[in-house]
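Quantities reported herein were computed from a predicted structural model and do not represent experimental measurements.
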Amino acid sequence: MANNKVIISTHLSDIYSPFQTDAVSVQTSKSHVPFPPTPADDEPPIEHAQHASFFHSVQTGAILLRLIHNGLIVELVSLSTETPPIRFVFPYTVLPNPALVLWQSRELHVLAVTATGSLYRLVVPIQSPQQLWSTPMVNNWCREYHLKNVQDSLQALVHVHDAHSLVLALTNGSLIRLDAETIGDKVTADHWTENLFHHNTFLGSLTSFLHQGSADGSHIIAAASHPQPTDIGHVWTLSRDRTLRLWSARSGCTSAKSLPSLASSGRELSPISGTSTSKPNILLDTAPQKLITVYEGPHVLVFIPTPSSSSSGGFFQLFGASGDRLQLVETFEASHDTAHTHLQDFAVIGGYLYTLWDRQGQATVEILDIPMSEVSNEPDNIGWRVVLYPYEPDLTPAYLDELLLSPGSLTDKFFSAIMRPGVFSNYTLRTAIDQYTDACRSLPGPLPAPLTTCYVSLGEQIAAVVGCTVKLSRDSQTGALQHDKYWISLKRDWEGFIARCRAIERSARWPLALGSGPRGEVILAERERTGALAVEDLPLRLHRHLRDDLGAESQFAVCEIAWSLRTRMGPRALRALEGRVVDLTQQEIAFPFADIIADTAARGAFREALDDGAESWLVGRLQSVPDLEAATRLILDLVGGFDRAVKMEEDEVELLLPQHAPVHTRMLTAAYATHSVRARYDFILALVALLFFLAEDLEGWDPSLLSEIFAVFRGVAMLRYASEQPAFDAAPFTVVDDADEVAARLRTLGMSRSGPATSAPTPDLFPCLLEQIGGTAVDAPLAVAAHAFLDMSGLLQATSTAHAARLEVQWCERLRSLKFLDAARETLEWLPRTPAVMYVWARLWLDVGRGADAADAMDNLAGSFGPHSALSFEDADALAAVLPGGRIFDSTFGFYLHVSTLFKATSLIDHEIRFAQLALSNAPPDWNTADLWNTVIKGATDLGYWDDAYAALMSTPHELLRRDCAQHLVHRMCEEHAVERLMSFNFVGIADEVESALSFKARNADPRVQPFYSRILYTWYVTHGDYRNAALAMYQRSRKLTALINAVDPAQYFALGEQQLEALIISSNALALLDQKDAWIVLPLVPEGLGAARPTERKRRRLTKHIPEDKFAGGKRDFEVVKRSDVIAEYTLLNAQLDLVRKDPELLRASATLRSPESVVLRLVQSNRFNLAMTTARTLEVDLTDLFSQLTRQCLRLSRNPDTVSLEDTTDWLLTDKITSWAGTSSDRAWRYLRQSLERHDGPDTDLRYSKIVFETITGLERASTPPPWLVHKLEEHHPEWLIRTCMRFEMLELALELALSAIRKAESRLAQDPPRTAMSTWLPYTLIDQLLVATNEQAQSEQSKRAMELRRDLHREVSNGARRAQKLSHRLYQEL
């Protein structure tokens, strides 16, 4: 105990998130259990514990039990393993004090009593030393027992003796003892027996009579028993009237002793008996307290508080407890420092008394050798030794003003101050920002946007929300912006938020309990923190002595002088000096340090910041130092070295400690290292200030000493910066969106409604580095582990600022590899630009996306490799430490290869290509460069450097790679719409590969999605003069679109149809460029039912139709020949279909009616689309009979009623520009259109069948009218017999007579002009004429017109005359023969 101690602690919410712990609900079998009471506004935050205790065993290590959420949740936190905490949510308030006990070395039992009178035993099986517990729980894990001798609202103090027994100390002084006859298992329940004991025995009655105590004096406020394992079942209690009672398991209260309210002067070496006083004693507070402890002997140590005393906080009385008696052994008073403080806990550990005091919200531990006799265990009779926390600045308004003395923004400085590790916990910051947000929401007016925004991290929310209500205003008179008022308001807003954080943190640091750790060290618990007592190293001890003006040892006289100088300079001058030193250290040094210091001190007027008296005093003190340089080296040893009592050899540490330490230990070790680094930084800064004070006398100093001072300053500054950095940039907080986390919140029954929506807390930078660097030493005693970590960092071993040692560079590289990029950047700023440092800079630039800077740095580093490298041994060693494999590359080729891989990992393809090309230019002859060529070609392709990619493709010596990459290049150029550039490349030797790649895509790619590979393939073929394959590509595209056009919704029908039309017309044009006898393409024949249906029913000629089967291999597919006319026919049909659907979209629902050409033409005719119908029918070779019949009907309708033009859709034929330009009425134009259509589409080749149908339609519908003369004349000229017969059929006998008469006269005229030379040279339908004559003869004369009768007579005459002329002509010809 000769070593000084220091308290080191860490926040629990920085270790685990209270919103991600496993929460298990505890049910009750009682009915009508009321709701838990609502917490008052002045109570601490719900995550701050009301009660805490430690449990330790070999099987489990140290476990912290906390009672939180206003007594509703019991939480178990393992401090020795990585086991996540577990929480038990009770239905009602748990009475103090629940306890954790070990059962048969395999189970942990939580014994707790609720205010509703239920005793719970919660069974937690121990799974393994590394994972103590997990959910779900085992069967019958929760066992409830209903207390009998209690009321519904129980007020009692619970003390658990062991797994079998516990007592309830009631407010009336009675004691209920519960003993478990049997402890249940997974099936059975516990069997408890209750015994109610009263204190009012004869002895108790006599004592009460003598002291005339208050009725509340018997209220028990403390209870204790002998720690386990033990066979002593006694319980000792202390009541408010300071009566100490001993309760046996069977007899109840067997002994009582009234304790004094004030201690006697000095130590009482003999027992004292209770004596009455003249005035009544003041009762102790009603709250349960830790006032009794029992240890081996058994001995009972009781503390009697004296809150009104100005000399101490109370006194202790030590009793011997042999048998059933209490015998006073010693009385001793607490230290004078405990006056007006409160004792929270005390324990006897290792023969020493440890007391935990609450000193204005700050935990303080005082240690005393237990006075068992006249001879003390302490040398020189040392009394109470006070153990405090190391100094850490409090964020008071004065300190915040001091922060603003250095350059920088107010928000950045205050934000960095509150986010510094160890200042405020995550829970404190979250609670404060929630309170601040609620306060801002209560302000009148619209809410600022930051208050309604969701944030990814807690730090981001604080930075955005704090100060968001402060607005920059303008002066009402001048209109100028009031920046001063804005900054004042912003500063006050930040100070208010920090004040909230301080208030919450003060509650979080309220001490609660003491305990013993795995190695016997003393550990303590606060409301939201846990800590441990550690050996105070020399920097911390000296720092405490100098700050408290306790002086220092003689060998540290210069350190004391430098500290005095630092104190007398004042905050402003010290901050200015610190900034100059930082700038100086981060620069490249080209002059001696003595000259630089002298010049800087002269320009900065350093000594002017000191008054004359201080300057004279410092000069005098320095003159008393015999060897100033030696004393300075001693300060360097203090800052950069380690205590002999603390530092162990590395092999000893490895033998002593496991390879992995729990996070709690790492956090404590990091906290210790942080405090030590802070003290060392204060010392080195004071020493540098002393150098500037001695600037004029430094010329005679050893230059290496000055360089070492600044090198140590650099190392300590780097450590200090790392110790103050949170790890938010490495693993930011995330908003709750995980179902598991939401379920965990729901399991806490809403107890965490004010908690943050964040995931697990992020460890700070130092703990992360501890796990990486000091993994073998983190589980050692805190001082040993912290010093081992600082030693292994290597930052305190530098001797010159001109070099970057191996460990320094590794430190920066480790920060970068852990993704603490900002910390790595700031740390690299301190180091000179050596090759190793520049390599880490380049890697850092890669991580932040500054590829150009990284590439330039890597390019400059290439000269450090190979046989001609000029690296020094130190630079080579440092560079090898950060290179992969820990060694220098043998050649620049290996380095370029490595750098190319780095850029590939960060997807910086441009620079990856650059270094791959450099590697190719330096590759050994026997090296397989296929991968490098692949990198260059595909990288240039991915970046769109088409010319470079093509040049590399054609230059690579690897044929397979060339063909592989050619496909990739072609596909990428198509995807990037660089088709024109693609067509300019000839791909000599691999053109077939390009065609294959494009053909594959054209066959398999969706023709609706760009790029349209069929068009690209068409362009390729046309560019190379292959028109047949070009036509085939577009025709196949049309086929694929045909398969899709029938399966899409109407919205896409027209788009796909237009694309199909385009494909067909382009295919037709390509075939037109061929010789017309060879204008065909060949494609596989699609079986019926597979693929797309053919647009037409036209039969295609199969190539294998007339080839014998023995002339070709079996299993081959049939092919079909498609001519240009077929393509045009498909185009025409599709165009007509699209036109119909545009006019009537409902036709899509009956698409089957549009598949045949006849149905399409019929639909066109029905919709009066005569122009398109005629064109389509002629192209598709469809009969036009129905068309002309319908057209004739339209003409007849127009003749009868010209107004139908405006009522019907005649835009396609009657209202076109050409027809409307004709003269006449609409009826005249319609008949003219019909006549021209017949002239165009009807003739001898059609046997005038369309003219016939027109005639028949007219005569069938309008018998009273005469058909157009031009029609009659046309038919009369070519088919007079049909015309006569048709007139007879429609009973148009007058016209038939005219036609017959005209036919006879024409025949006679021909005979007259050219007599026949042979028989049968003239022919007349005499049979038909005879039928006509018979028909007219049979017709009643009343029904015949006068003209008809005349025509009949003329016809009869002409027939008779014709017969006579024929006889004469025949006779004459006969005579001539």
Looking at [X] and [Y], would you say the former's side chain and the latter's main chain have a donor-acceptor pair under 3.5 Å?
| X | Y | value |
| --- | --- | --- |
| H1024 | W1020 | yes |
| Y950 | F987 | yes |
| S1068 | L1064 | no |
| H977 | M973 | no |
| Q1076 | L1074 | yes |
| K1001 | H971 | no |
| N1069 | I1065 | yes |

Lys/Arg-Asp/Glu bridge criterion (N-O < 4.0 Å) met for [X], [Y]:
| X | Y | result |
| --- | --- | --- |
| K1252 | D1242 | no |
| D1247 | R1249 | no |
| E1256 | R1289 | yes |

| said: With salt bridge (charged side-chain N to carboxylate O under 4.0 Å, His left out) as the criterion, how do R1028 and D1078 come out once you've worked through the C-alpha distance, each side chain's angles and the decisive distance to 0.1 Å? | reply: CA-CA 9 Å; R1028 192 184 308 280; D1078 293 330; 5.1 Å; no
Would you say [Y] and [X] are linked by a side-chain donor-acceptor pair, where the criterion is simply a distance under 3.5 Å?
| X | Y | answer |
| --- | --- | --- |
| Q1190 | Q1166 | no |
| D1186 | S1189 | no |
| W1231 | S1199 | yes |
| Y1233 | N1171 | yes |
| S1038 | E1130 | no |
| S1159 | S1156 | yes |

| query | Is the NZ or CZ atom of R1232 positioned over W1222's six-membered ring, under 6.0 angstrom from the centre and within 45° of the axis? | reply |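 Pair R1232/W1222 counts as cation-pi.
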| Does the cation-pi check pass for R1037 over F1012, that is, NZ or CZ under 6.0 Å from the six-membered ring centre and within 45° of its axis? | yes
| task | Look at the aromatic rings of F1255 and W1282 and report parallel, tilted or perpendicular, splitting at 30° and 60°. | result | perpendicular
| Is there a salt bridge (charged side-chain N to carboxylate O under 4.0 Å, His left out) between R972 and E975 once you walk through the steps? | CA-CA 5 Å; R972 282 305 304 270; E975 293 169 0; 3.6 Å; yes
| message | For H1273, I'd like to know if atom NE2 has over 12 heavy atoms of other residues, nucleotides or ligands within 6.0 Å. | response | no
| query | For the residue pair F1000 and Y1013, is the inter-centroid distance of their aromatic rings smaller than 6.0 Å? | reply |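 Ring-ring flag for F1000/Y1013: false, centres at least 6.0 Å apart.
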